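For this chain, numbers begin at 1 and follow the sequence in order. Quick caveat: nothing in here was measured; it's all calculated off a predicted structure.
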Amino acid sequence: MAEEVLITPPGKITSFLRPMDSSKLKAIEEMNESPTHLTSSLLAVAFLTSFGSSMLYGYNLAVVNSPAVYIKDFYNRTSVSRNGTGLDEEALTLMYSLTVSVFAIGGLLGSLMVGMLVTRFGRKGTVVNSTVLVFIAGSLMGFSRICGSPEMVIFGRFVTGIHSGISLSVVPMYLGEIAPKNLRGFLGLVPSLFICAGVFSAQILGLHEILGKEDHWPLFLSLVVIPTFIQLMLLPWFPESPRYLLIEKHNVHATIIALKWYRAKCNIQSEIEEMQEEQRSLSSVETVSVWRLILDPLVRWQLLSVVVINIGMQLSGIDALWFYTNDIFRNAGIPDPEIQYTTVGTGAIEIIAGLIGCFTIEKLGRRPLIIGGFLVMGFCCAGITLSLVLQVHLPFMRYVSVGCVVGIIAGFCIGPAGVPFLITAELFKQSHRPAAYTVGGSLNWISNFTVGFVFPFLQMSAGSYCYLVFCCVCLAVAAFVFFVIPETKNKTFVEISQMFASKEAVPETQGLGHPDQLKLRKMNGYGTLENGSLEFDSSSSVP
């Protein structure tokens with residue numbers, strides 16, 4: 001007799017297998033252990049979401065560096081036309097600093113909205129609906145010079161920051177939920193690869209020979225609408241996250257269709273059973289708030305892990321490094337006209353390192369990449385301090401400092417750039433995941449803003465020794481990951497949660513079954529229902 005999966009009507013879900021002989025049970029276990037292949041649909045949706053969302057984050061980080069002189073000149077000329085006098089150096093610096101930093105303020109606001117948006121619109125729905133922010137921002141920045149309005153540039157940066165704050169959390173969440181467990185690491189690092197590609201694109205387009213001219217800076221800022229337009233045209237054709245459809249929307253048929261779309265010749269029934277196992281372990285299908293997440297003792301270690309790795313990712317010194325990169329290259333004897341090309345070279349290194357991370361994470365695991373990345377960054381931060389101190393007496397130390405810059409960039413992109421977002425998806429179950437991304441994303445943006453604001457003062461007070469602070473942070477995060485966070489490679493969300501539950505004194509809460517259940521008969525390899533319908537299981541219902 002065929003085994004059956006029991007699915008409750010909307011509101012409550014549970015499942016179990018009817019008794020079966022050991023040979024059938026062994027066959028299903030073998031199917032569960034067999035790897036799922038990367039399909040064209042999975043690869044396409046990973047590239048689309050990352051190309052139209054994650055890449056814009058990297059692009060907006062670097063896009064204001066090249067046209068900085070022209071933007072300041074525009075601000076000054078606008079002040080002259082409005083007030084009859086130009087801005088002094090202090091006011092001009094303040095306005096440009098606001099233009100740069102308001103992006104992080106928008107990102108913080110966007111990250112605070114993630115939990116509400118993904119619960120209401122779904123994962124894919126949030127990515128699609130948030131594209132309107134990019135078109136608003138692109139229009140504001142693109143027409144700012146024609147309208148003679150610096151405020152349009154600043155507000156446009158703020159709006160695109162909101163979009164980046166949303167996408168930086170939602171895209172890894174979406175990809176983590178549609179990916180089979182043996183490909184979750186690879187797909188989870190695709191967004192970080194596109195972030196590096198975004199930085200590299202801004203560096204290339206910002207060259208004087210392309211868009212690095214005074215006449216082109218509004219176009220340079222507004223090019224973000226092109227990737228988003230392509231995403232908007234294609235992404236709506238792809239299904240929503242199967243986990244979201246089943247666990248939160250209780251839509252069995254939509255879940256089957258989504259799994260058939262993203263899988264090739266795999267046991268869809270076993271994946272549905274794994275989702276239902278996660279559902280049974282939840283006390284509620286409702287998405288918990290950030291406050292409930294913080295107070296929940298069952299996820300204390302998971303939450304602490306998210307806090308540490310997200311703060312450590314920004315306090316590692318990677319953002320501060322870009323403040324000092326040109327000076328380091330200049331001290332190494334690189335002529336000023338060639339520094340921009342050297343900077344482009346560092347962007348290429350980012351992409352290469354990101355590719356290495358993507359193609360090794362499923363073999364090496366999460367822990368080696370993130371621990372190794374932070375260790376490399378820590379030692380290279382110490383190396384920069386040493387080289388800057390000694391280069392007065394030892395000229396060859398200038399080249400050591402350049403090597404350390406390359407090492408920090410490579411170490412960051414191999415692991416710390418993307419693994420924290422992937423880990424956030426893996427450490428939490430469906431009900432807690434949106435709140436966890438809200439916490440992690442908020443801390444990420446707050447730390448980003450803090451580094452940008454504090455670093456100039458730290459550099460003035462500590463000089464070359466300021467990088468020792470980042471060295472300590474990197475080594476501390478590597479130690480925390482080594483002792484606290486287990487390896488999550490090829491683990492289901494329930495298995496990962498159980499590994500952390502062993503650290504707590506309180507056992508995991510198990511969901512209770514419900515008598516009013518619907519019976520989903522055994523599906524074939526592509527998830528087709530026998531008889532094509534659901535039927536009530538009268539044997540398990542209560543009169």
Inset, instruction - Could you give me the CA-CA distance, side-chain angles and deciding distance for V63 and R157, then say whether side chain to side chain contact (heavy atoms under 4.5 Å, CB included) is met? - result: CA-CA 11 Å; V63 72; R157 288 277 296 172; 3.8 Å; yes

Legend entry - Trace of the side chain to side chain contact (heavy atoms under 4.5 Å, CB included) decision for R243 with M173: CA-CA 11 Å; R243 308 188 80 87; M173 187 190 308; over 6 Å; no

Inset, instruction - Mind running side chain to side chain contact (heavy atoms under 4.5 Å, CB included) on V288 and D296 for me, showing each step along the way? - result: CA-CA 10 Å; V288 304; D296 190 347; over 6 Å; no

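In this structure, S316 and I408 have side chains that are not in contact, with every pair of non-hydrogen atoms separated by 4.5 Å or more. No side-chain heavy atom of F155 sits less than 4.5 Å from a side-chain heavy atom of V102. W445 is listed as a side-chain neighbour of F103, based on a closest heavy-atom distance under 4.5 Å. Between K181 and K491 there is no side-chain heavy-atom pair separated by less than 4.5 Å. In this structure, T438 and L293 have side chains that are not in contact, with every pair of non-hydrogen atoms separated by 4.5 Å or more. In this structure, the side chains of L223 and L205 come closer than 4.5 Å at one or more pairs of heavy atoms. Side chains of R433 and V118 form no contact here, defined as non-hydrogen atoms less than 4.5 Å apart. Taking the side chain as every heavy atom from C-beta outward, I361 and L422 approach each other to under 4.5 Å.
F158 contributes atom CZ, which lies 15.0 Å from atom CD of E151 (distance to the nearest 0.5 angstrom). From L427, atom CG reaches atom CD1 of I485 across 6.5 Å, with rounding to the nearest 0.5 Å. In this structure, CD1 in I154 is found 11.5 Å from CG in L140, a value given to the nearest 0.5 Å. Atom CD1 of I71 and atom OG of S144 lie 8.5 Å apart (nearest 0.5 Å). Of the inter-residue distances, the one linking S442 atom OG with L108 atom CG reads 5.5 Å to the nearest 0.5 angstrom.
Residues satisfying the side-chain hydrogen bond (donor to acceptor under 3.5 Å, both in side chains) test with Q231, not counting sequence neighbours, are S53. The side-chain hydrogen bond (donor to acceptor under 3.5 Å, both in side chains) check on T360 picks up nothing, with sequence neighbours excluded. Annotation: side-chain hydrogen bond (donor to acceptor under 3.5 Å, both in side chains) contacts of D73 (sequence neighbours excluded): R77. Residues meeting the side chain to side chain contact (heavy atoms under 4.5 Å, CB included) test with L43, sequence neighbours left out: L38, F47, F186. With sequence neighbours left out, the side-chain hydrogen bond (donor to acceptor under 3.5 Å, both in side chains) criterion links Y96 to no other residue.
Aromatic ring orientation, F470 versus Y467: perpendicular (interplanar angle above 60°, classes split at 30° and 60°).
The side chain to side chain contact (heavy atoms under 4.5 Å, CB included) test with C381 is passed by exactly one of C472, C404, C471: C471.
Between the side chains of S241 and E177, at least one donor N or O lies within less than 3.5 Å of an accepting N or O.
For Y341, the OH atom sits in a packed shell: over 12 heavy atoms of surrounding residues, nucleotides or ligands are nearer than 6.0 Å.
For F428 against L303, the heavy-atom pair with the smallest separation is CZ-N, 3.7 Å. P434 and G115 make their closest contact through CB-CA, 3.8 Å (heavy atoms, listed as atom of the first residue, atom of the second, distance).
Annotation: side-chain hydrogen bond (donor to acceptor under 3.5 Å, both in side chains) contacts involving residues 162-171, sequence neighbours excluded, are absent.
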